Amino acid sequence: MQRVSVSKISDYTDQEVTINGWLYNIRSSGKLMFPEIRDGSGIIQGVVVKSAVSERVWEDFSKLTQESSIKVKGTVSKHPKKEGVFELQINDVEIIQIAEPYPITPKEHGVEFLMDRRHLWLRSPRQVSILRVRNEIIQTIRDYMYDNGFILFDTPIFTPNACEGTSTLFSTEYFDMGKAYLSQSGQLYAEAGAMALGKVYTLGPTFRAENSMTRRHLTEFWMMEPEMAFYDIDDDMDLIEDFLENVVQRVLKNCRKELELLGRNVSKLENVKKPFPRITYDEAIEILIKKDIPLIRKTSNGEEQIRPFPWGEDFGAPHEEAIVEDFDKPVMVHRWPAEAKSFYMKRDPSNPKIALGVDVLAPEGFGEIIGGSQREDNFAELEKRIIEHQLPLEEFQWFLDLRRYGSVPHSGFGLGIERMVNWICNLENIREAIPFARRPNRITP
Ligand code: ATP
Ligand code: MG
């Protein structure tokens with residue numbers, strides 16, 4: 001007997017198969033029962049005809065509760081009315097375990113209730129679809145990188161220093177060597193990788209101790225960071241464009257069913273084709289001023305609105321939304337005020353106030369998905385910047401070595417995997433974009 005997965009069921013029309021799974025739902029009408037069986041790859045409706053099965057099989061099905069684990073045998077048939085839908089004409093069942101009353105029923109539950117039961121919530125068709133899309137995104141990234149000559153370069157999670165100071169870092173004791181910090185980016189190490197291998201990428205978990213309970217921030221998230229020797233900021237943007245088009249179009253092709261189940265308007269994703277709009281920070285500010293979007297600054301007695309939006313400030317969610325509003329593709333905002341950006345970004349040779357950075361804002365108001373830049377490749381400039389930022393110079397000697405020994409122009413970027421999932425799946429909140437979200441108020445389950 002063939003053991004098959006629901007996703008492959010169409011290959012077995014009119015054949016006898018076994019499906020191992022869980023009872024998702026069951027309806028009965030006297031002499032017929034319609035169990036829906038899920039196996040992780042999909043859900044199939046079974047048909048149990050009382051007169052056609054043994055008494056034992058009929059009674060076993062009568063006992064089954066939601067999420068009971070079973071092995072069923074039957075013949076695959078085409079649904080009499082629905083094109084492309086298959087059913088299983090069941091002739092036997094083996095019960096593995098009868099589930100206790102399941103806490104998550106098809107009725108509506110509050111999000112906190114569901115997050116407390118995340119380990120079970122993951123089984124719902126919506127969560128399964130999101131995780132399948134996440135899988136496709138990551139697989140596409142890996143394939144794209146591999147096919148384009150990038151070498152996977154795994155960077156450490158324990159680090160002695162920070163890219164941008166220690167205020168947003170989680171720390172832990174590291175034997176008798178003092179504090180170690182959980183990495184918030186693999187970039188500095190990836191730069192060493194690029195000088196060794198030309199084009200590299202890292203893909204791993206990163207940590208930010210920011211106490212922000214927004215719809216877009218996790219304290220632990222996954223980031224993909226390519227780093228390329230001999231790439232300037234324009235090469236960087238060319239890569240971002242090609243890369244994003246590739247990922248989005250392949251997910252569209254391979255995850256149609258999942259996106260449909262999620263109610264995603266796929267025509268918006270179909271638009272994600274090169275070229276993407278490239279606007280400077282100054283042009284982005286003009287949009288904010290024209291739309292009269294103020295900077296909101298927290299003060300001791302509440303909030304203060306500052307108009308017009310002042311040059312030099314970073315964007316928050318309302319600004320990102322206003323900037324992308326009139327575009328139907330990801331928007332690349334480049335050439336930022338240096339003071340708003342990290343110490344390692346190269347300054348624009350024509351204007352030292354400007355850093356050669358680029359942020360990519362997803363369309364439809366999903367916010368920043370990528371932050372990238374050309375890196376400072378001049379030894380003296382970088383050393384000066386490290387001192388200005390009051391970073392421990394000693395800890396950065398190895399990083400400066402990359403500018404001492406065969407320094408070259410180089411660039412890279414960081415893509416937040418969950419931000420990408422958020423956008424492609426059209427999620428309300430990033431907590432659904434990862435199996436077990438870590439946020440300032442949640443570390444269980
Ligand atoms: P933001 O301004 O949106 O908080 P950032 O500018 O601090 O992000 P970067 O340091 O540029 O983020 O990190 C690169 C990418 O990592 C971002 O473009 C985003 O996709 C993702 N990212 C950053 N912080 C988080 C977070 N707390 N949770 C999930 N993804 C994140
Ligand atoms: Mg950024």
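Note that this is a predicted model, so its numbers are computed, not measured. All ligand and atom numbering here is 1-based and tracks the order in the structure.
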What about F315 and F309, are their ring centers closer than 6.0 Å?
yes
Are F113 and W121 close enough that their ring centers fall under 6.0 Å?
no
Numbered atoms of ligand 1 (with element) below 4.0 Å of H217, judged on heavy atoms:
1 (P), 3 (O), 4 (O), 26 (C), 27 (N), 28 (N)
As an exercise, identify every atom of ligand 1 less than 4.0 angstrom from a heavy atom of G414.
14 (C), 15 (C)
Closest by any non-hydrogen atom to atom 30 (N) of ligand 1: pick that one out of F207, F221, W423.
F221
Atom 14 (C) of ligand 1: of E220, R438, M223, the nearest heavy atom sits on M223
What part of [X], side chain from CB on, backbone N/CA/C/O, both or neither, has a heavy atom under 4.0 Å from ligand 1?
X: R208; value: side chain
X: E368; value: both
X: V360; value: neither
X: R216; value: backbone

Rounded to the nearest 0.5 Å, what's the gap from OH on Y344 to OG on S373? Could you check?
5.5 Å
Would you give the length of the straight line joining atom OG1 of T444 to atom CG of D116, rounded to the nearest 0.5 angstrom?
6.5 Å
Sort out for me which residue in L252, L427, L259, I424 forms a side-chain contact (heavy atoms from CB on, under 4.5 Å) with R264.
L259
State whether the shortest distance between N or O atoms of [X] and N or O atoms of ligand 1 falls below 3.5 angstrom.
X: G416; value: yes
X: I430; value: no
X: R419; value: yes

Hits for salt bridge (Lys or Arg N to Asp or Glu O under 4.0 Å) against E325, two or more places apart or cross-chain, chain-then-number order -> K291
Using 30° and 60° as the class limits, which term best fits the ring planes of W336 and Y281: parallel, tilted or perpendicular?
tilted
NZ/NE/NH1/NH2 to OD/OE distance under 4.0 Å, E136 and R250
yes
